[in-house]
There are 2 protein chains.
Amino acid sequence: MADLENKVHPELIKKVQEQMLVDEEFNKLGNLYYVFSDPVRIKIIFLLVISEMCVYDISTLINATQSNVSHHLAILKSNDLVSFYKKGKQVIYFLKDDHVKRIFQLGLEHIREK
Amino acid sequence: MADLENKVHPELIKKVQEQMLVDEEFNKLGNLYYVFSDPVRIKIIFLLVISEMCVYDISTLINATQSNVSHHLAILKSNDLVSFYKKGKQVIYFLKDDHVKRIFQLGLEHIREK
DNA sequence: ATAACGTATGAACATTTATTCATACGTTCA
DNA sequence: TGAACGTATGAATAAATGTTCATACGTTAT
């Protein structure tokens, strides 16, 4: 009988392979968290957790240029985390999904503990 | 009285400013999610959610080079998401914190819905 | 002591990313 | 109609990132 202590662990390998996700799922997960990974985007998410908001207010609150905020909102939009509606000249953005709020809050818990 | 419909929204600005996080917290959040944002690292996290594991097994299971996995583990380690112990020649990595597991699972729920 | 094994690390390169600037688009109001 | 406002977009640049390769480190077994 092979000395499993000193080799790869075949029983573990097998167990994991049975539940392995497909690459496309890992990529989607990566994209989702990528959106959260930038300080400017996290700030935008933080704001939208509190309330829907127009681009100008977002720019003001996080001290970023309007252009920069627009670029980041485009990323949030293309990853389906936000949607928007128009109100006169303004574009009001809001979170599409409650998961976004929950992921944000879990992250906040994490960095605040210890 | 100013026409608030067509200007910045001062009452919203004020409300948000009262709960605004400090920049350091936003940066920490960004770093946390950054770790999740790469497909290779997400795969590693997925594996460690299932079980602690040595570097060689991780490399095998996700089809990556040992060097690549080591580099990514270093990132996970420096961001305090994993820890490790040694067992002979092997180094066994494990998740330090249950939040990591929960964040992963929330993300998975998100991408699977709809 | 030396070889074999599992892991870590540094350098180099190609790619991706964020920010800024200039400008265009669409809506409202005069 | 034209000016002002709010927003979007493309190009350019600088910086950050991921992967590979070569090699070093530490442990075990001969």
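Just the heavy atoms: all of them, side chains too, but no hydrogens, waters or symmetry mates, feed the values below. Numbers restart at 1 for each chain; the letters A, B, ... are given by sequence-line order, proteins then strands.
- Atom NZ in A:K77 sits roughly 12 Å away from atom P in D:dT7 (whole-Å rounding).
- Note: CE (A:M53) to P (D:dG6) measures 16 Å, nearest angstrom.
- Every residue two or more places apart in sequence or in another chain was checked for a side chain to side chain donor-acceptor pair (under 3.5 Å) with B:S59, and none qualifies.
- In this entry the distance linking CD of A:Q90 with C1' of C:dG26 reads 14 Å, nearest Å.
- Applying the ring pair (Phe, Tyr, Trp, His ring centres under 6.0 Å) rule to pairs touching residues 77-96 of chain B yields B:F84-B:Y93, sequence neighbours excluded.
- Proximity of A:Y93 to the phosphate of D:dA8: a side-chain N or O atom is located under 4.0 Å from OP1 or OP2.
- Each end of the helix from C:dA1-D:dT30 to C:dA30-D:dT1 yields a helix axis from five base pairs, and these two axes differ in direction by 20° (to the nearest 10 degrees).
- Here C:dT7 is the nucleotide among D:dT7, C:dG26, C:dT7 with the atom lying nearest to any side-chain atom of B:Y56.
- Not counting sequence neighbours, B:Q105 has no partner by the side chain to side chain donor-acceptor pair (under 3.5 Å) test.
- Checked by atom type and distance alone, the side chain of B:Y33 pairs as donor or acceptor with a backbone atom of A:I103 at under 3.5 Å.
- Atom-to-atom, CZ of B:F84 to C1' of C:dA8 comes out at 10 Å; the value is rounded to the nearest Å.
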Donor-acceptor pairs under 3.5 Å, side chain of residues 34-50 of chain A to any protein atom, not counting sequence neighbours: which ones?
residue, atom, partner, partner atom, Å
A:S37, OG, A:Y34, O, 2.7
A:D38, OD2, A:V40, N, 2.8
A:D38, OD2, A:R41, N, 3.2
A:R41, NE, A:V35, O, 2.9
A:R41, NH1, A:H72, ND1, 3.2
A:R41, NH2, A:Y34, O, 3.1
A:K43, NZ, B:D23, OD1, 3.1

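- With A:D57 contributing its side chain and A:M53 its backbone, the two residues share no donor-acceptor pair below 3.5 Å.
- Atom CG of A:L76 and atom P of D:dT9 are 14 Å apart (whole Å).
- With sequence neighbours excluded, the residues forming a side chain to side chain contact (heavy atoms under 4.5 Å, CB included) with A:T65 are A:S67, A:N68, listed by chain and number.
- Atom P of nucleotide D:dG26 and atom NZ of B:K86 are separated by 8 Å, given to the nearest angstrom.
- Residues meeting the salt bridge (Lys or Arg N to Asp or Glu O under 4.0 Å) test with A:E24, sequence neighbours left out: A:K28.
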What's touching nucleotides 18-22 of chain D from the protein side, N or O pairs under 3.5 Å?
residue, atom, partner, partner atom, Å
D:dG18, OP1, B:R41, NH1, 3.2
D:dG18, OP1, B:R41, NH2, 3.0
D:dG18, OP2, B:Y34, OH, 2.7
D:dG18, OP2, B:R41, NH1, 3.4
D:dT19, OP2, B:N68, OD1, 3.3
D:dT19, OP2, B:H72, NE2, 2.5
D:dT20, O4, B:H71, NE2, 3.2
D:dC21, N4, B:S67, OG, 2.6

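- The nearest whole Å value for the distance from the NZ atom in B:K89 to the P atom in C:dC5 is 7 Å.
- For A:H99, the side chain to side chain contact (heavy atoms under 4.5 Å, CB included) partners are A:D97, A:R102, B:L106, B:E109, B:H110, B:E113, not counting sequence neighbours.
- Atom OH of A:Y85 and atom C1' of D:dT7 are 16 Å apart (whole Å).
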